[in-house]
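In what follows, a single structure is set out as structure tokens and then discussed.
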Amino acid sequence: MNTDIRALFNVDWAAILPLVIPILVLHFLLLVVALVDLYRRRKLIHHPIIWLIIIVLLNTIGPIIYLVIGRGMLKNDRY
């Protein structure tokens with residue numbers, strides 16, 4: 001395994017950035033949407049702290065899991 005930081009100087013960043021930037025933007029938007037939705041529904045959702053941990057720690061999968069499963073798990077089963 002190469003742990004030499006000087007290897008980063010040899011990377012062609014101009015070729016990589018057009019591919020990485022849209023992925024990072026989508027990831028950030030997904031994270032923000034999930035966190036805002038959790039904040040707005042914090043009184044309705046079971047265990048909002050656990051959902052917060054899932055969203056933040058499971059980077060890309062966490063917000064998707066919350067938006068698919070967590071939004072449906074309401075305390076009173078009504079919107």
Side-chain angles (χ1 to χ4, degrees):
M1 182 162 111
N2 186 5
T3 58
D4 188 11
I5 192 113
R6 290 176 288 175
L8 293 175
F9 296 126
N10 298 330
V11 174
D12 184 16
W13 291 106
I16 294 175
L17 285 180
L19 300 172
V20 172
I21 289 175
I23 294 170
L24 291 176
V25 168
L26 287 174
H27 169 71
F28 181 72
L29 286 174
L30 184 62
L31 183 65
V32 168
V33 166
L35 289 174
V36 167
D37 186 72
L38 178 66
Y39 178 76
R40 288 182 179 170
R41 297 169 152 246
R42 67 187 180 277
K43 303 258 193 245
L44 300 174
I45 295 176
H46 289 288
H47 313 294
I49 300 297
I50 293 173
W51 281 113
L52 176 67
I53 293 169
I54 289 171
I55 291 170
V56 173
L57 292 182
L58 295 180
N59 291 331
T60 304
I61 293 293
I64 294 171
I65 291 172
Y66 168 72
L67 292 172
V68 171
I69 297 172
R71 291 187 80 212
M73 297 176 63
L74 301 176
K75 287 181 181 177
N76 300 329
D77 289 328
R78 45 186 172 114
Y79 293 97

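- The side chain to side chain contact (heavy atoms under 4.5 Å, CB included) test with Tyr66 is passed by exactly one of Ile55, Leu58, Leu35: Ile55.
- Closest non-hydrogen pair, Asp37 versus Arg71, comes out as OD2-NE, 3.0 Å.
- Val20 and Val11 fall within a single hydrophobic cluster, where Ile, Leu, Val, Met, Phe, Trp and Tyr side chains are chained together by heavy-atom contacts under 4.5 Å.
- Here the straight-line distance linking atom CG of Leu31 with atom OG1 of Thr60 works out to 9.0 Å at 0.5 Å rounding.
- Residue Leu38 holds its CG atom at 11.0 Å from CG of Leu44, rounded to the nearest 0.5 Å.
- Note that CG of Leu52 is 6.0 Å distant from CD1 of Ile49, once rounded to the nearest 0.5 Å.
- Tracing side-chain contacts under 4.5 Å through hydrophobic residues (I, L, V, M, F, W, Y), one never reaches Ile53 starting from Tyr39; they form parts of separate clusters.
- Residue Ile50 is grouped with residue Val68 when hydrophobic side chains (ILVMFWY) are merged at heavy-atom distances under 4.5 angstrom, including chains of intermediate members.
- Atom CG in Leu57 sits 8.0 Å away from atom CG in Asn59 (nearest 0.5 Å).
- If you chain together hydrophobic residues whose side chains sit under 4.5 Å apart, Ile64 and Ile69 fall into the same group.
- Taken together through direct or relayed side-chain contacts under 4.5 Å among Ile, Leu, Val, Met, Phe, Trp and Tyr, Ile61 and Ile54 form part of one hydrophobic cluster.
- Under the rule for a side-chain hydrogen bond (donor to acceptor under 3.5 Å, both in side chains), the partners of Arg6 that lie at least two apart in sequence or sit in another chain are Asp4.
- You'll find the side chain of Leu67 reaches within 4.5 Å of the side chain of Leu30, heavy atoms only.
- At a threshold of 4.5 Å between non-hydrogen side-chain atoms, the residues Ile16 and Asp12 do not count as touching.
- Here the side chain of Trp51 pairs no donor or acceptor atom with the backbone of Arg42 at under 3.5 angstrom.
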